[in-house]
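Just so we're on the same page: letters track the sequence lines, and every chain starts at 1. Just the heavy atoms: all of them, side chains too, but no hydrogens, waters or symmetry mates, feed the values below.
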Number of protein chains: 2
Amino acid sequence: MDKDITIYDIAKELDLSPTTVSRALNDHPAVNKNTKQKIYSMASQLGYRSNMFASNLRRQRTNTIGVIVPKLNSNFMSSVIAGMEKVANEADYNLIISQSLETVEKEIANAKTMFNSRVDGLLVSLAFDTENMDHFEPFISKDIPVIFYDRVSDHKQFAGVVIDNVQASYEATTHLIEQGCQNIIHITGNLRRNVYADRLKGFKYALLDNDLPFSDASVIINNLSEDAGVEAAQQILQMDSRPDGLFVSNDTCAVHCMKTLTHAGISIPDEIAVVGFNNDPICRVVEPSLSSIDYPGYEMGEVAVRSLIHYLSGLADTSVTRITLRSELIIRSSSLRKGKENNKGKALALLPETK
Amino acid sequence: MDKDITIYDIAKELDLSPTTVSRALNDHPAVNKNTKQKIYSMASQLGYRSNMFASNLRRQRTNTIGVIVPKLNSNFMSSVIAGMEKVANEADYNLIISQSLETVEKEIANAKTMFNSRVDGLLVSLAFDTENMDHFEPFISKDIPVIFYDRVSDHKQFAGVVIDNVQASYEATTHLIEQGCQNIIHITGNLRRNVYADRLKGFKYALLDNDLPFSDASVIINNLSEDAGVEAAQQILQMDSRPDGLFVSNDTCAVHCMKTLTHAGISIPDEIAVVGFNNDPICRVVEPSLSSIDYPGYEMGEVAVRSLIHYLSGLADTSVTRITLRSELIIRSSSLRKGKENNKGKALALLPETK
DNA sequence: TTGTAGGCGTTATCAG
DNA sequence: CTGATAACGCCTACAA
């Protein structure tokens, strides 16, 4: 294994000082154009690559962004990561990605690793059961920016990139109502997570605005897994007054719930209309195909990294603590009843102001 | 933002030399137990965290492993990553993950970034259309180990972690034959990738061993996407002698192919029996549920990182260039015909030696 | 426009 | 068992 080429080697070769070489390589304005050219070509000729560690050590920053994600195995998350990568690469940042697998314990461990790796900033989508934000304290106290995406923190001090979950949920629920549903059940996740709390809120608003009653019995809270979907279906099958509509906060759960209902002889959408959330490819696989809320993952990743880098560059508009991206209801067979129009326009007009 | 605590601070506090502190922190045997204890507690009391850059700079290694993955959006890949993370964390390595999104261009860019980030080793699953291995040359010439997983390189110089695709495919095909299929079509991906070439091989072997004819018309090669699945189905519908069995190298493609066939009025498994590959959760969503090859992703990730670390620690058994993990056929409705037994045992007995 | 000098925090080497 | 010293490669005052 040959020795690495350093700026000293280039300097010696061209009879210049390392300083000049360093400056040229960083495109410093105060270096002669010709000199720069000579340095560039010598660098590539010798196969020079900058030693990030020396540079990091010196500059006290790493050009690395940490990403904590609940799970990677969804189309949504993989799009988010792809968007993050694109922006990060363009800005010469590296990404360190780790999965919390929906547990606080791993999330805490991940945060610690990130901290010790001295990431310049952190992007987090919270695990299902994270209660407090203590594990991000070390970042705050060292002024390392932490930006949340999708599953954000309620604490106002933390910036976040989100969609308007209240509106999306309002839209989905309204759609069900327009399809004739009078007794809708909402299945959602841990209400500590903004996404689920907000969706519940949107659900309630929509019922209210359409003079439909809401009761605690209208909501099933679980972990939105496959199994949870099956269980929820069993619960529903045993209800006294069976619902005629179902709005589920996650496509996986919705799909397995729907399948269980279908197997029990329920006809979808006629007896029960169903809408999911995320617009996962699975929506187009299940029979009938599942209506869902589409969610701009790639864009969310891009925006999150872009904000973080802005912040790191000191250009941050510190007043901006929430960036909201648009989402969209995709209507498919699972919620479209014969003879019913898609009155999406009307639904939108009814939309309350939600900031 | 306060200044970081260094080993000097600890040393000063305890009236020791930085050298001793460094040694203690690295659990060097030649440090007095009491001294070590004192150093540990002082370190945590002051909130010391090691500066990886200084350490990396000095030791010329980064404790970082680069991972290049085609796409993250599958259950399989997310399991692989989870397995990798577990082993890497335990051994105090960091992971830098990036997606090639199935294109050589991004794969090359990723490799370059990894190289410049001075990863200690690289784990790669090749993109669909990667032809040559030139972009890994810089690693080779610097003695940076590159280990492939799943989609490996044929070049004998590269180590890899795989399943026995020939056997898995042989087993799947034999199963279809046992279900009475006489005219099976195999849908697979670019044959430059070992996984697809090997599966084709296993498919041929199984036909051969059961005295069924093989012709080029028995194989459809595409990119295994959703759309490709739909197209393949359309192709099949127009065939003169319609097949009665289908073995697809990827569940997503299989599912969309199957759905298209079903919509065209074909009954599955009776008219056409179908087996997929990967055992993605989607298999249990589609109707009828899809038989598939189950594949130990988590384990593959663990093994890949473990091998890499062994290699980096100089413990490598350089003679081991291929590690093969077990896989398993999961039989579901899409390939199970009434009145047919599951003669899996027989299939296994017929299995040819495949190294 | 270029150069000199010193230090970022750690660890390897050599010497007690 | 402990310590002094010198790198690792780069960058930033400051000086010329």
Side-chain angles (χ1 to χ4, degrees), chain A residues 1-40 42-43 46-64 92 94 115-118 120 142, chain B residues 1-40 42-43 46-64 92 94 115-120 142 314:
Chain A
M1 168 154 47
D2 352 298
K3 202 108 180 41
D4 269 328
I5 303 295
T6 74
I7 53 173
Y8 287 90
D9 299 317
I10 299 177
K12 205 173 296 168
E13 209 69 37
L14 294 168
D15 207 23
L16 285 166
S17 81
T19 312
T20 306
V21 176
S22 169
R23 282 202 268 253
L25 259 18
N26 288 304
D27 209 11
H28 190 108
V31 177
N32 184 290
K33 284 234 168 87
N34 294 325
T35 321
K36 260 190 199 172
Q37 266 319 321
K38 269 190 282 185
I39 291 175
Y40 289 153
M42 180 55 72
L46 296 179
Y48 168 82
R49 54 176 181 159
S50 141
N51 186 318
M52 301 174 82
F53 307 107
S55 170
N56 288 338
L57 175 57
R58 188 52 236 250
R59 300 188 317 181
Q60 304 284 35
R61 52 204 312 280
T62 67
N63 265 55
T64 296
D92 257 311
N94 266 329
F115 187 70
N116 289 330
S117 303
R118 287 178 149 74
D120 289 342
K142 279 226 172 306
Chain B
M1 166 155 48
D2 352 299
K3 202 105 181 44
D4 269 328
I5 303 295
T6 75
I7 52 173
Y8 284 90
D9 300 316
I10 299 177
K12 206 173 297 168
E13 211 70 35
L14 293 169
D15 208 23
L16 284 167
S17 80
T19 311
T20 304
V21 176
S22 170
R23 281 201 269 251
L25 259 17
N26 288 302
D27 209 11
H28 190 108
V31 177
N32 184 292
K33 284 234 168 83
N34 293 327
T35 320
K36 261 190 200 173
Q37 266 321 320
K38 268 188 281 183
I39 291 174
Y40 290 152
M42 181 55 72
L46 296 179
Y48 168 82
R49 55 176 179 160
S50 140
N51 186 320
M52 300 175 83
F53 305 107
S55 170
N56 288 338
L57 175 59
R58 186 56 236 239
R59 301 186 317 174
Q60 304 285 34
R61 50 204 313 279
T62 67
N63 263 52
T64 296
D92 257 311
N94 266 329
F115 187 69
N116 289 329
S117 304
R118 285 179 151 73
V119 295
D120 288 342
K142 279 227 173 305

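The backbone N or O of B:Asp92 lies less than 3.5 Å from a partner atom in the side chain of B:Asn63, making a donor-acceptor pair. B:Arg23 places no side-chain N or O within 3.5 Å of a backbone atom of B:Val31 that could act as its donor or acceptor partner.
Distance from the side chain of A:Thr6 is smallest for D:dC10 among the nucleotides C:dT11, D:dC1, D:dC10. The listed nucleotides are D:dC10, C:dT1, D:dG3; the one nearest the side chain of A:Asn32 is C:dT1.
Distance CG (B:Leu57) to C1' (C:dT10): 8 Å, rounded to an integer number of Å. Whole-Å rounding puts the B:His28 NE2 to C:dT10 P distance at 17 Å. Rounded to whole Å, atom P of C:dT10 lies 18 Å from atom CZ of B:Arg61. One atom, CG of A:Leu14, and another, C1' of C:dT2, lie 14 Å apart when rounded to the nearest Å. Separating the CG atom of B:Leu16 from the C1' atom of D:dA4 is a distance of 14 Å, rounded to the nearest angstrom. Distance, B:Lys12 NZ to D:dG3 P: 15 Å, rounded to whole Å. Distance CZ (B:Arg118) to P (D:dC10): 7 Å, rounded to an integer number of Å. Atom-to-atom, CD1 of B:Ile5 to P of C:dC8 comes out at 14 Å; the value is rounded to the nearest Å.
Taking side-chain N and O atoms only, B:Gln60 has a distance below 4.0 Å to OP1 or OP2 of D:dG9. The side chain of A:Tyr8 contributes no N or O atom lying less than 4.0 Å from OP1 or OP2 of C:dG3. In this model, the phosphate group of C:dG9 is not approached by any side-chain N or O of B:Ser55 to a distance below 4.0 Å at OP1 or OP2. A:Ser50 has no side-chain polar atom (N or O) that falls below the 4.0 Å cut-off from OP1 or OP2 of D:dG9. Within the structure, a side-chain polar atom (N or O) of B:Asn26 is placed less than 4.0 Å from OP1 or OP2 of C:dT11.
Between B:Asn51 and A:Ala30, the residue anchored closer to the 5' end of DNA chain C is A:Ala30, taking for each the nucleotide with the nearest heavy atom. In terms of position on DNA chain C, the residue among A:Pro18 and B:Met52 whose nearest nucleotide sits closer to the 5' end is A:Pro18.
Of all the heavy atoms in A:Ile7 and A:Pro18, the pair that sits closest is CD1-O, 3.9 Å.
Not a single donor-acceptor contact under 3.5 angstrom links the side-chain atoms of A:Ser17 to the base of C:dT4. Interface remark: the B:Arg23 side chain does form a donor-acceptor pair with the D:dG3 base, using a distance-only criterion of under 3.5 Å. With hydrogens and angles ignored, no donor-acceptor pair under 3.5 angstrom links the side chain of A:Arg58 to the base of D:dC10.
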### Task
Starting from the C-alpha separation in whole Å, work towards a yes-or-no answer on side-chain contact (heavy atoms from CB on, under 4.5 Å) for B:His28 and B:Thr20.
CA-CA 9 Å; B:His28 190 108; B:Thr20 304; over 6 Å; no

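In this structure, B:Arg118 fails the cation-pi test against A:Phe53, since its NZ or CZ atom is not both closer than 6.0 Å to the six-membered ring centre and inside 45 degrees of the ring normal.
For the pairing with B:Thr62, the side chain to side chain donor-acceptor pair (under 3.5 Å) check across B:Asn56, B:Asp120, B:Asn94 returns one residue only, B:Asp120.
At a threshold of 4.0 angstrom between heavy atoms, the contacts of A:Thr19 include nucleobase atoms, whether or not backbone atoms are also involved.
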